[in-house]
Student: 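What follows is a single structure, and I will ask about it in a moment.
FYI, side chains are in, hydrogens and waters are out, and symmetry mates aren't considered; it's all heavy atoms of this structure. So you know, we letter chains A, B, ... as the sequences are listed, proteins then strands, and number each from 1.
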Amino acid sequence: MTSTSAQKRSSDARPLQLEDFRRVEMTNFNESTRTSQAAIWYRDALYVGTGRAMLGFMGRYTAKQGDQAGAGPGRFGAMRPDTGGREEDGAQVWRYVPGTNEWTLVYNSPLVEGRDGKVRARDRSVRAIGICQTSSDSEPALYLGVGSLERQVVFVRSTDGINFEECEEQGFGLGDVDVPSARNIAELDGRMYSTPTGKNFGRGMWDDNLTDYPFVFETSDPLHGHWRPVNEAGFGDGNNHSINELVAFEGCLYAATINDRRGFQVWKTRPEGDPPYRWTRILENGAWRPISSVPSAMKVYNGALYICATLQRQGRNGRDRFGPFPAEMIRVYPDDTWDLVSGTPRFTPNGFKRPTSGMLGGLGDYFTHVFWRMAEYDGWLYMGTAGWKWMPTYLRDRNDLTPEQLQWLQEQTNARVDGEFSLWRTRDGDHWEAVTRTGFPGANPLNYGIRELISTPVGLYVFPTCKVGASKGGGLEIWNAHKDHL
Amino acid sequence: MREPLFILAPARSFTSVVCGMIGNHPEMLGLPETNLFAAGTLDGLRQVHHARPRFATGLLRAIAQLGLGGQTEEDVDAAQRWLNEQAGSMSTADLFRDLADWADGRALIDKSPMHVFREGALDRIIDAFPGARFLHLTRHPRDNCESIYEMSNSGTLAQGGRELTPDRMWLKPHLRIMELMETVPADQHMLVRGESLMADPKTYLPQIAEWLQIRTDDEAIGAMMRPEESPFACMGPSNARLGNDPRFLQSPKLRPFKEKPSDLDTPLSWDSALVFDETLRHYAMTFGY
């Protein structure tokens, strides 16, 4: 345990309560905006990178206009209701100064001519954000990985938080390939690391989380690109389809993979010498619960790395229909030993693992699909979730269940509260208390999860995610609670 | 009476050797296949035995060994007489309790595969022993199905005249077990992948002992590595030869096991039309296959 964390644990800080949260007034976000998964505190302001609503259900129908389906333009997309916003509405980055409640648009997706000749926003969402001072940066710079609707991921950079410039080498400099987005940004020893994600197959969004390039990329000069892979593709495992989480911890880089065949893996390296670096696999087979295909969040807290995982859900068929499977949480220590914090007890090559929280998956909630984001604020670790019930794919075609089992699932699903999600907190990582289990009172009922949590000197910011953009009655909300306002 | 342990798995899923290992722990006693809960009463059980006499063998050996102290032909005959003398309305759960009372304080382990195939058997177990523990044991569906097919062809496994399909052999028993586990407190049931346990018993047996809250010292774990020491790990007398997997009875010592690669994609060896459907594949992957 670090001295800082020890001080925090010994403090008597009153944790945030549900009634402490206030909705932040927002103006002028474009009407497609439904989420943020890339916010950060930088130079005394909050930066909010946005994601627009999909162009069709799960984006697949627009994607089918692309090369993958070989279908003509509009053949599928036009038949499906979209989920909000105009095509010229794309990703944005907003700057918020809490003291004055002033919002400033500091980045807006350029309009480009699409492959079908129509003019539309180039960028769909900001999914990676970080403050890095690489050996090429004279001061800490703000970097964002901006995902594209039909082209390649672009990194943008700012050193004042006002002016942004595009970095060179779109798509990690891989050439004319399908690399539409980036998932993470991490910094270690003067180098910036990131991972590609997504498949467009032309335009739209074929898959948000998988990639043809399951690499960790490194650069010491992100402004000019110069990206280079630092691992073997998928760490040598063809079932590792993406690197979904990436963090630096105790001088090492930790990369967690999506593996829908065997369960997620976690790899670790101390980047020394020339790449590819020597990586060690410290977790595999979904931490011996193979249903956990996707690592959904990683966060360093009190000298340990918390890893959340669940079943990836990207559609209405396949393994989705066998849910629900509650999310799980693992805690990894620098010596590679690990605890199961929340999840199903199991026998493993590393010993008998029982949940240290005393709670099964979902922190005891069978219908918690994902532990989505974590943030440390005032000596407490907060964690936001999303559930299964808002899109109950698991109620269809269940010939594996008895009528009694199916009836129970139906009854539980019917008990859903509109806008529900959970926000949890803990001081020691084992004793978890719910701040809310049903979302925020007065929030949009179309919210279904917490996609971003940011700790700042002016409080904890919570970013619920919404099914649709403002044009369809939804839109991004931001909530804040400050310890000094208690 | 110490709470029993039930090993739940389809036939041909390492149940014999796993029961032998755990059952040789100083605080445990592994039974042969009693098939007791195939019926609720002894009358019902007699009907099962009448239709399939071999299903009585394990129970007779258990009664003989625990009640009479041996497994000679005379002991088995005496066990049969004692069984016949019991009131027909006596519950099979009470008979199981009798066995437990005769076990000198050791907790019984039952591993009868019939319990996961027979309608109502698992409900009878949980109704009678709500504090019991359950070890859900798995094996790769391909290896499991191939093994069942081989045994049924050799005449050593009764199949009841029904068609052998992966669904019936592997999926349905596992679904039935999982449904039961939903009703059991989390600390009373565990899943173990049979291949992992067989390949590395020194890693997994102490964990099972820890879960069962029994001794985990070297002496106790060492005993678990010697399933051949069980009084039931051998052929029985001429009037009760089996009562367990014949291969285990002939060669009960733990042998080095190396998991061989098996896939979920290709048809089963004896019928090119028999492939694993999406549902079976899903559950197989969930178990780590």
Side-chain angles (χ1 to χ4, degrees), chain A residues 239 259-264 284-293 311-312 317-326 328 340 342-355 357-362 364 366 393-394 396-409 412, chain B residues 18 119 122-123 133-138 167 170-176 178-197 199-213 216 263-265 277-289:
Chain A
N239 290 314
N259 188 317
D260 59 6
R261 179 66 184 85
R262 299 282 181 192
F264 79 92
E284 60 183 309
N285 298 327
W288 286 270
R289 187 234 197 185
I291 197 70
S292 293
S293 57
L311 172 75
Q312 180 184 337
N317 297 307
R319 301 193 82 184
D320 289 352
R321 73 181 178 88
F322 293 102
F325 301 99
E328 295 200 333
L340 176 67
S342 169
T344 303
R346 68 204 61 180
F347 302 130
T348 81
N350 310 120
F352 183 28
K353 302 293 182 182
R354 283 172 285 198
S357 68
M359 290 188 275
L360 302 176
Y366 190 69
T393 52
Y394 50 80
R396 297 155 54 99
D397 304 325
R398 294 302 300 269
N399 59 358
D400 55 316
L401 298 183
T402 62
E404 293 77 15
Q405 288 175 305
L406 198 54
Q407 181 183 345
W408 183 82
L409 283 180
Q412 295 296 313
Chain B
V18 170
E119 197 70 40
L122 297 181
D123 292 335
R133 292 179 186 258
F134 298 89
L135 187 64
H136 181 183
L137 183 60
T138 67
D167 191 59
W170 192 90
L171 180 60
K172 280 197 166 59
H174 283 300
L175 291 178
R176 189 169 281 162
M178 285 188 288
E179 186 186 8
L180 176 78
M181 295 305 105
E182 290 175 359
T183 70
V184 174
D187 60 349
Q188 288 178 227
H189 64 93
M190 288 294 299
L191 182 143
V192 65
R193 191 174 175 276
E195 291 86 346
S196 300
L197 172 54
D200 193 4
K202 289 182 178 173
T203 292
Y204 288 93
L205 289 175
Q207 297 182 51
I208 292 172
E210 182 183 350
W211 167 59
L212 294 172
Q213 297 179 298
T216 57
D263 71 273
L264 297 172
D265 303 318
D277 65 14
E278 184 190 43
T279 300
L280 188 147
R281 287 166 50 85
H282 160 74
Y283 283 99
M285 286 192 274
T286 299
F287 295 154
Y289 299 112

Student: Which residues pass the side chain to side chain contact (heavy atoms under 4.5 Å, CB included) test with B:T279, not counting sequence neighbours?
Tutor: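 With neighbours one apart ignored, the set is A:R321, A:F322, A:N399, A:D400, B:L171, B:D277, B:Y283.
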
Student: Side chain, backbone, both or neither: which part of A:T344 has an atom under 4.5 Å from a heavy atom of chain B?
Tutor: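 For A:T344, there is no contact with chain B at all, as no heavy atom is under 4.5 Å.
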
Student: Is it the case that the side chains of B:Y289 and B:E195 hold a donor-acceptor pair, with the cut-off being a distance below 3.5 Å and no angle test?
Tutor: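 Yes, because at least one side-chain N or O of B:E195 sits under 3.5 Å from a partner of the opposite role on B:Y289.
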
Student: Who wins among B:K172, B:M178, B:E179 for the most heavy-atom pairs under 4.5 Å with chain A?
Tutor: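 Option with the greatest count: B:E179.
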
Student: For B:L191, is it the side chain, the backbone, both or neither that has a heavy atom under 4.5 Å from a heavy atom of chain A?
Tutor: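 Contact with chain A involves the backbone of B:L191 alone.
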
Student: At their closest point, which heavy atom of B:L137 faces which heavy atom of B:H174, and how far apart are they?
Tutor: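 Heavy atoms only, the tightest pair is O-CE1, 3.6 Å.
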
Student: What part of A:R261 is in contact with chain B, defined as an atom under 4.5 angstrom from a non-hydrogen atom: side chain, backbone, both or neither?
Tutor: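 The answer is both parts of A:R261.
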
Student: Before giving the answer on side chain to side chain contact (heavy atoms under 4.5 Å, CB included), spell out for A:F352 and B:M190 the whole-Å C-alpha distance, their side-chain angles and the decisive distance to 0.1 Å.
Tutor: CA-CA 11 Å; A:F352 183 28; B:M190 288 294 299; 3.5 Å; yes

Student: Assess the pair B:H136 and B:F287: is the distance between their ring centroids shorter than 6.0 Å?
Tutor: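 Yes - the distance between ring centres of B:H136 and B:F287 falls below the 6.0 Å cut-off.
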
Student: Which one of A:G351, A:G286, A:P345, A:G263 has the most heavy-atom pairs closer than 4.5 Å to chain B?
Tutor: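 Heavy-atom pair counts peak at A:G351.
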
Student: Under 4.5 Å, counting heavy-atom pairs only, tell me which of B:L280, B:D187, B:I208, B:D200 racks up the most with chain A.
Tutor: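 Heavy-atom pairs under 4.5 Å are most numerous for B:I208.
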
